[in-house]
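Input: a single structure, listed below in structure tokens.
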Amino acid sequence: MEDQAQGPGSKVSARRRLIRGAFAAPAALTLYSGSVAARSINNCVARETSGMTPPAPGPVAAPDTFVRVQLQKFQKSPTASYPNAWSRWVRGFDVSSLLASGQTVFVSGTSTTSTNWYLYDKGSASAYALTPIGTIIGTTPVEGTTVQSASQWVALRVASNGDIVGVVGINSTTGTSAVYQSCWTSFRVG
Amino acid sequence: MTERPPIAATLSQAPPGAIATALAGDGLWLDLGAASVRIRSDSGLLAAQLLAVYGELPLITHAEWADTHIDIRRGSGLRRWLRPQVVLWCDGQQPFEPFAADSPLPLFEWGCNWQIAHRLNHLLMLHAGAVERDGLALLLPATPGSGKSTLTAALSQRGWRLLSDEFGAFDPAAGVFRAVLKPIALKNQSIEVIRAFSPLARFGPEFPKTRKGRVSHLAATPDAAARRHESARPGAIVLPRWQAGSRTHWEPLAQNTTFPALAFNAFNYTVLGDVGFRAAVALTRQCPAWQLVYSDLDDALATIEAAWPDIVERQARSEQP
Amino acid sequence: MPRFARVEGALVEPVGHLWAAFSAATGETALLNDESAAILEILEPGPASTAQVCAQLSTDSGIAVEVLLPIVEASWANLAAAGLVRTLLEPATIPG
């Protein structure tokens, strides 16, 4: 198995591997076409999932997309009563900066403006402990004046026409919200 | 940076009703290693089923992060009472068909696998069993029906640390495999095979009426749960194929066979683009590979065990400066 | 005379006695033999015509250029379909 002994760092020249006196037809066997593989993996998982119908792979009619927005964490200066008070928010400016010119975005029925903040996580011993997730406030959160980017990101759901529509909440049957804790896709940076 | 939840009692040590209370409230977080899942549910059965197969994981009722948020809800309307069902919700969508109301665990397991496979895109998610020994990962990429889960389950009961029976989660930045520790879903006669192989193995309830037949989930060992944040360096690749009545056959594979076996068995190879390509090439070069055709589980394990010391030595040599 | 260029971002790596190739343009992955990989290697510094490629391959293989020409000419479509090469259109010349 000499081919298994190849180290990861060695640079091999295809030209040097050509055999003198012989030249075969150049061959390129496509192994992996992205769309074909996506369908096959979906079928594979579908078989594993006992007939569950998976989401359709690839483009569907007027698909929604997700865009990343960074969470902002507000941390209160420690006090005896609140040694570790924090909350996390989506900043309206980050949302509105994604908008194409002329687009209107409605979040929980309120037009998005740069100065709004949308509560994502009530956090620990926070001033917002009783505030519903998704609440919009027009002022900087009170936990502190220092904004710490939480190195965490959430996904805004954007409709095919560019509107940020969020997702329907689990417990609501009408309306949409771009900020609903249980409905966010979340993924890490780094 | 990976955020670790505070140390807590395990699910098996939790007070009665604590899991159900968490599911009905803000949720139960499962820290699987490379991924975390937040679950909420109004099913009266799910708490006990989760306890049976996730008992060794810490009880976490609040965490700052979850990679995916899953709700298992009882069907609405007539389906709440007439042939009742449970439905999986994620991100406000119901991506899958409902399951019978007495089967919330398999619905959660398979739906969660789907979500993880499509979301953990900072890792190359190979469709493979993965176990660890001596700090090295043994990868078992395979298509369904190849006996991968049975072989992975057997290894996990014989001193190999389970990383996952579904995901070879390779971190291309760090060059290591990470655990996505979930119970192993065994089907039909594989259940009896593993029960006989390891009488002390802990299984969850059996679900007799899935479309794949009978399903039961093998819980991870306490050691695997405790070490789920320990990574494993690439060790070796074995492509298993169970074939009734066959003798054990152990054949080395050329790299041009191994490479497509990895790339074709990755959930997110396309998404990762050149990162996925480079990772698959690196693993192909770094890991010796074999095909294992078998019908006898003990013999299959003995074959792997016999080859392992040379693999460890080879990897140690390659890591020397 | 058309020239051919390696598609930007194409990756070619040896795997055993074959080569794995990735096209950043199409996301496709292919397995190549030495001959295909050698052609891509010749195109790495810049575009070249079929004759120019064959001249270098002749040096490597000892096979006469005129023997190589039809073989290489027939391979461009396959390599283009794999997303690894593209044809450079010659600029039109204005008569007169």
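Everything numeric here is computed off the predicted structure, so don't read it as measured data. So that the names make sense, note that chain A is the first sequence line, chain B the second, and so on, each numbered from 1.
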Residue A:I19 excluded, over 12 heavy atoms near CD1 under 6.0 Å: no
Which portion of C:I71 sits near chain A, non-hydrogen atoms under 4.5 angstrom: both
Chain A contacts, top residue of C:A20, C:S75, C:A74 (heavy-atom pairs, under 4.5 Å): C:S75
Sub-4.5 Å side-chain heavy-atom contact between C:D60 and A:F23: no
Neighbour count above 12 (heavy atom, 6.0 Å) for A:R16 CZ: no
Contacting region of C:L18 [heavy-atom separation from chain A under 4.5 Å]: backbone
Shortest non-hydrogen contact between A:R17 and C:P14, atoms and distance: NH1-CB, 4.1 Å
Residues in residues 45-59 of chain C near chain A [non-hydrogen atoms, under 4.5 Å]: C:Q56, C:L57, C:T59
Members of residues 32-39 of chain C whose heavy atoms come closer than 4.5 Å to chain A: C:L32, C:N33, C:D34, C:E35, C:S36, C:A37, C:A38, C:I39
Closest contact, heavy atoms only, A:R20 versus C:G62: NH2-CA, 3.4 Å
